[in-house]
Number of protein chains: 2
Amino acid sequence: MPHPLSTAQALRLWHDVGLSQVQDDEPDLSVRQMTILLSIYLEAPPHTVRALAAKLHVSKPVITRALDAMGKLGLVTRRRDETDKRNVLIQRTVGGSLYLERLADLVSAKSQEL
Amino acid sequence: MPHPLSTAQALRLWHDVGLSQVQDDEPDLSVRQMTILLSIYLEAPPHTVRALAAKLHVSKPVITRALDAMGKLGLVTRRRDETDKRNVLIQRTVGGSLYLERLADLVSAKSQEL
DNA sequence: AACGATTGTTTCGGAACCGTTTCATATTTT
DNA sequence: AAAATATGAAACGGTTCCGAAACAATCGTT
């Protein structure tokens with residue numbers, strides 16, 4: 001367990017990571033999209049639209065549209081739940097794993113430069 | 001200086017902070033806006049549109065519009081530079097300070113829960 | 001089989017953002 | 001003083017996002 005970050009270090013870290021994301025040309029994910037993506041990858045499946053909407057305190061269309069956008073970027077996929085065909089199961093992709101790996105490396109590296 | 005964050009801890013921290021931001025009803029700043037705001041508050045003045053655009057690798061209108069949006073939220077103000085009236089000096093506000101204080105407290109608190 | 005409940009998607013009008021180009025103002029150079 | 005340069009803002013068209021409501025498909029219950 002690391003030492004907790006001081007408030008000044010927290011802001012510096014947030015700034016440095018954000019700057020790196022803005023400077024490169026890749027499209028930035030919104031805070032909502034990023035949080036959805038991280039939920040999918042950090043927490044145990046299955047992931048459904050409804051559960052994500054409840055967790056984030058947002059409406060279901062917000063989740064649907066975020067999945068549309070991230071699907072286009074190859075970060076997530078959807079598949080029908082065969083046991084209950086109303087549900088959509090949200091699945092991880094190689095692209096999403098790589099994306100978050102790079103984010104994690106970036107944050108970790110910046111945290112060392114504090 | 002804290003221990004550096006592991007990659008797993010970095011993702012967990014990003015998720016937790018993003019989740020807190022999404023859950024409350026306040027409007028989320030985009031990554032660009034947040035980075036601009038942090039630049040203004042972390043680095044020494046004077047801050048100009050041109051300098052910020054160069055630093056972030058974005059066009060000047062991007063900065064202008066972000067300042068418009070954050071100005072409406074009371075997070076920054078603009079003032080003409082009296083010595084060179086082409087310049088606009090971007091200034092901090094009480095609202096912006098409070099906003100970043102709360103962000104810093106949030107990040108710092110979440111980093112302790114890792 | 002029929003009705004109501006549940007799940008996810010689509011639609012609608014409105015707002016925000018983007019990139020590029022154009023503009024207005026101010027300064028510097030000739 | 002005139003022309004060239006620099007700065008920030010505004011205009012333009014296109015894309016994306018939002019909240020709310022309506023919708024289609026599926027399930028559960030009776």
Side-chain angles (χ1 to χ4, degrees), chain A residues 18-19 21-37 39-40 45-92, chain B residues 18-19 21-40 45-92 99:
Chain A
L19 183 59
Q21 291 178 332
V22 171
Q23 283 178 340
D24 66 38
D25 285 341
E26 300 168 22
D28 299 337
L29 296 187
S30 70
V31 179
R32 287 178 172 195
Q33 291 172 336
M34 180 65 82
T35 302
I36 292 169
L37 187 63
S39 292
I40 295 166
H47 297 288
T48 64
V49 173
R50 170 176 166 66
L52 285 170
K55 174 183 171 183
L56 303 204
H57 301 176
V58 298
S59 65
K60 289 189 293 181
V62 166
I63 304 295
T64 294
R65 287 183 294 236
L67 293 177
D68 289 343
M70 292 192 291
K72 272 187 198 163
L73 298 175
L75 302 177
V76 296
T77 321
R78 278 179 278 199
R79 202 189 57 189
R80 276 285 159 192
D81 181 353
E82 286 306 320
T83 74
D84 183 344
K85 290 183 182 168
R86 290 172 301 182
N87 288 336
V88 163
L89 303 179
I90 300 139
Q91 305 191 294
R92 304 166 184 171
Chain B
L19 183 59
Q21 291 178 331
V22 171
Q23 284 178 339
D24 66 37
D25 285 340
E26 300 168 23
D28 299 336
L29 295 187
S30 70
V31 179
R32 287 179 172 194
Q33 291 171 336
M34 180 66 81
T35 303
I36 292 169
L37 187 63
L38 283 164
S39 292
I40 294 166
H47 297 287
T48 65
V49 172
R50 169 175 166 65
L52 286 170
K55 174 182 171 184
L56 303 203
H57 300 176
V58 298
S59 65
K60 290 190 293 180
V62 167
I63 305 294
T64 295
R65 287 183 296 234
L67 294 177
D68 289 344
M70 292 192 290
K72 271 188 198 164
L73 298 175
L75 301 177
V76 295
T77 322
R78 278 180 277 199
R79 201 188 58 188
R80 276 285 159 191
D81 181 351
E82 287 305 320
T83 75
D84 183 341
K85 291 183 181 167
R86 290 173 302 182
N87 288 337
V88 162
L89 303 179
I90 300 139
Q91 304 191 294
R92 303 165 184 173
Y99 182 91

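Chain letters run A, B, ... following the sequence lines, proteins first, then strands; residues in each count from 1. Both backbone and side-chain heavy atoms feed into the values below; hydrogens, waters and symmetry mates do not.
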Query raised in the report: Heavy atoms under 4.0 Å, any strand shown: does S30(B) hit a base, just sugar-phosphate, or nothing?
Result: nothing
Requested in this report: Using a 4.0 Å heavy-atom cut-off, write out nucleotides 25-30 of chain C from 5' to 3' as B (base contacted by protein), S (sugar-phosphate only) or - (no contact).
Outcome: -BS---
Query raised in the report: So, do P27(A) and L73(A) sit near enough that their side-chain heavy atoms are less than 4.5 Å apart?
Result: yes
Report task. For the pair R80(A) (side chain) and R86(A) (backbone), establish whether a donor and an acceptor sit closer than 3.5 Å, ignoring hydrogens and angles. Result -> yes
Report task. Identify the 5'-most and 3'-most nucleotides of DNA chain D with at least one atom closer than 4.0 Å to a non-hydrogen atom of chain A. Result -> dC17(D) to dC27(D)
**Report entry** N or O in side chain of R65(B) less than 4.0 angstrom from dC17(C) OP1/OP2
**Finding:** no
**Report entry** Value in whole Å for how far the P atom of dA16(C) lies from CE of M70(B)
**Finding:** 15 Å
Report task. Send over the distance from D28(B) CG to dA16(C) P, rounded to a whole Å. Result -> 15 Å
Report summary line: Rounded to whole Å, the CD1-C1' distance (I36(B) to dC18(C)) equals 13 Å
Query - Criterion side-chain contact (heavy atoms from CB on, under 4.5 Å) on D68(B) and R78(B), from CA distance to verdict - result: CA-CA 9 Å; D68(B) 289 344; R78(B) 278 180 277 199; 2.2 Å; yes
Query raised in the report: D68(B) CG to dC18(C) C1': how many Å, rounded?
Result: 14 Å
Query - Under 3.5 Å donor-acceptor, H47(A) side chain and I40(A) backbone - result: yes
Report summary line: Closest non-hydrogen contact found for P46(A) with L89(A) is CB-CD2, 3.9 Å
Requested in this report: Write down the atom of K60(B), the atom of V49(B), and the distance for their closest heavy-atom approach.
Outcome: O-CG1, 3.9 Å
**Report entry** Min side-chain heavy-atom separation L52(A)-S39(A) under 4.5 Å
**Finding:** yes
Query - I63(B) CD1 - dC17(C) C1' separation (whole Å) - result: 13 Å
Query raised in the report: For L73(B) and dA16(C), what is the distance between atoms CG and C1' respectively, to the nearest whole Å?
Result: 12 Å
**Report entry** K60(B) NZ - dT22(C) C1' separation (whole Å)
**Finding:** 12 Å
Requested in this report: Identify, between S59(B) and A69(B), the residue whose nearest nucleotide on DNA chain C lies closer to the 5' end.
Outcome: A69(B)
**Report entry** Any side-chain heavy-atom pair of V88(A) and L67(A) under 4.5 Å
**Finding:** no
Report task. Taking atom CZ of R92(B) as the centre, report whether more than 12 heavy atoms of other residues, nucleotides or ligands fall under 6.0 Å from it. Result -> yes
